[in-house]
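In what follows, a structure is listed as structure tokens, so that the remarks can point back to it.
Just so it is clear, the model here is predicted, and its values are computed rather than measured. Below, chain A is the first sequence line, B the second, and so on; all start at residue 1.
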Number of protein chains: 2
Amino acid sequence: MNTPDDDWLRLDQQICFSLHAASRAFNSVYRVILKDLGLTYPQYLVMLVLWEHDELPVKKLGEHLRLDSGTLSPLLKRLEAAGLVRRERSARDERSVEVRLTEEGTALRQRALQVPRRIAASTGFGPEEVRTLRAHLDELTTALDAAALTGTPGDSPADGRS
Amino acid sequence: MNTPDDDWLRLDQQICFSLHAASRAFNSVYRVILKDLGLTYPQYLVMLVLWEHDELPVKKLGEHLRLDSGTLSPLLKRLEAAGLVRRERSARDERSVEVRLTEEGTALRQRALQVPRRIAASTGFGPEEVRTLRAHLDELTTALDAAALTGTPGDSPADGRS
DNA sequence: CACAATTAAGTTGCGCGCAATTAAATGACG
DNA sequence: CGTCATTTAATTGCGCGCAACTTAATTGTG
């Protein structure tokens with residue numbers, strides 16, 4: 001049995017679909033837990049970064065999260081409207097916008113400390129399993145990023161087999 | 001060392017963030033590859049299901065993909081506008097809408113057969129690794145789904161202290 | 001039969017995520 | 001010095017994903 005094309009389409013569904021589904025399931029659990037904090041899942045990720053570097057330009061924030069200004073600008077506006085963050089043009093480089101935690105934003109960290117525990121409980125995974133999964137995912141992301149950069153793999157009309 | 005709360009927040013970022021990033025990286029690679037077919041990634045998932053059951057109600061489609069009509073209705077409209085799909089009210093149950101592939105939609109399958117191969121090449125993962133990762137992700141999704149249903153985990157309402 | 005409960009799609013509103021574009025500031029170079 | 005390329009945010013447009021609601025058909029119950 002040499003996995004005919006028909007089976008490939010089925011297999012494929014399971015790979016990408018598993019990731020898609022897991023991501024949404026995670027999102028769903030986070031949504032419930034983060035509701036108390038008044039944060040969305042991506043907003044929480046931004047706050048995590050800010051709690052570690054409590055002032056940094058939008059550019060750097062984007063690099064940490066792999067997000068661009070098209071996503072971050074409106075998101076940060078909402079965080080600012082919520083009083084968690086302040087945005088101000090850098091004095092030395094007027095192009096840059098520095099994002100800084102407010103007192104309230106800093107304070108929220110205390111309430112966020114319980115989140116990881118609750119999430120971990122939801123997964124039912126032990127530290128070991130989490131570590132393994134995370135390693136695999138990071139490996140996957142790295143490979144995919146590389147593939148995205150080096151032109152589309154298998155796309156090259158001239159290219160033979162890779 | 002008993003992993004203080006401070007470290008938990010850092011760890012947490014890596015778990016959820018890894019999944020988030022991997023999902024988007026995958027999405028990004030699919031976007032490029034699916035561009036040729038004129039499909040988005042979720043539309044591709046829908047087509048995958050339809051290529052296996054070439055006629056089924058929106059409800060069933062949603063069960064396969066874990067999506068509700070709020071997401072599927074507009075998506076299916078676009079697929080219909082693209083000529084890949086036809087939607088018609090079921091005769092025996094007027095509430096239900098049957099989704100069926102058009103000739104064009106069925107034909108597209110041939111062009112889609114190359115997609116899994118190209119994706120697989122992008123990941124750099126072998127069949128074995130894929131299988132393992134998929135198993136872990138499915139396990140994760142199952143656990144998260146269960147947690148989402150059985151009320152919020154770790155939310156212990158009994159413990160008054162907050 | 002009448003009438004409430006249930007079920008299936010659709011609609012609306014909001015927040016991402018990303019491509020593409022715009023605007024402003026900075027830097028490089030002749 | 002002026003011109004042009006680069007960098008940084010912001011904006012626009014589109015497609016998910018989901019909660020909440022609406023509409024219409026079906027089922028269940030008296």
Inter-axis angle, terminal five-pair segments of the helix from C:dC1-D:dG30 to C:dG30-D:dC1 [nearest 10°]: 0°

Steps toward side-chain contact (heavy atoms from CB on, under 4.5 Å) verdict (B:R109, B:L101): CA-CA 11 Å; B:R109 187 173 183 283; B:L101 289 171; over 6 Å; no

Heavy atoms from other residues, nucleotides or ligands near CZ of B:R86 exceed 12 (cutoff 6.0 Å): no

Touch class at under 4.0 angstrom, heavy-atom based, for B:T71 against every strand present: base

Matching residue for B:V99 among B:L72, B:L79, B:V58, B:V46 - test: side chain to side chain contact (heavy atoms under 4.5 Å, CB included): B:V58

A:K35 side, atom NZ; A:I33 side, atom CD1 - distance, nearest 0.5 Å: 12.5 Å

Separation of atom OH in B:Y30 from atom C1' in C:dC18, rounded to whole Å: 19 Å

Whichever of B:L75 and B:D68 has its nearest DNA chain D nucleotide further upstream toward 5': B:L75

Sugar-phosphate or base contact per nucleotide [nucleotides 2-10 of chain C; S, B, -; heavy atom under 4.0 Å]: -----BSBB

Close side-chain approach of A:E80 to A:L76, heavy-atom, < 4.5 Å: no

Whether A:W51 and A:Y44 hold their rings parallel, tilted or perpendicular, with breakpoints at 30° and 60°: perpendicular

A:D145 side chain reached by A:R66 side chain, heavy atoms, under 4.5 Å: yes

Stepwise side-chain contact (heavy atoms from CB on, under 4.5 Å) check, B:L11 with A:R134: CA-CA 10 Å; B:L11 236 191; A:R134 186 156 57 71; 4.0 Å; yes

Start and end of the DNA chain D segment that chain A contacts, any atom under 4.0 Å from a heavy atom: D:dT7 to D:dA19

Distance in Å, A:L39 CG paired with A:L108 CG, rounded so as to fall on 0.5 Å steps: 5.5 Å

Worked verdict on B:L67 versus B:L45 for side-chain contact (heavy atoms from CB on, under 4.5 Å): CA-CA 11 Å; B:L67 291 173; B:L45 292 177; over 6 Å; no

Residue mapping more 5' on DNA chain C - nearest nucleotide basis, A:N27 or A:R92: A:N27

Between P of C:dC18 and CZ of B:F26, the distance in whole Å: 15 Å

A:Y30 and A:Y41 aromatic ring geometry - parallel, tilted or perpendicular at 30°/60° bounds: tilted

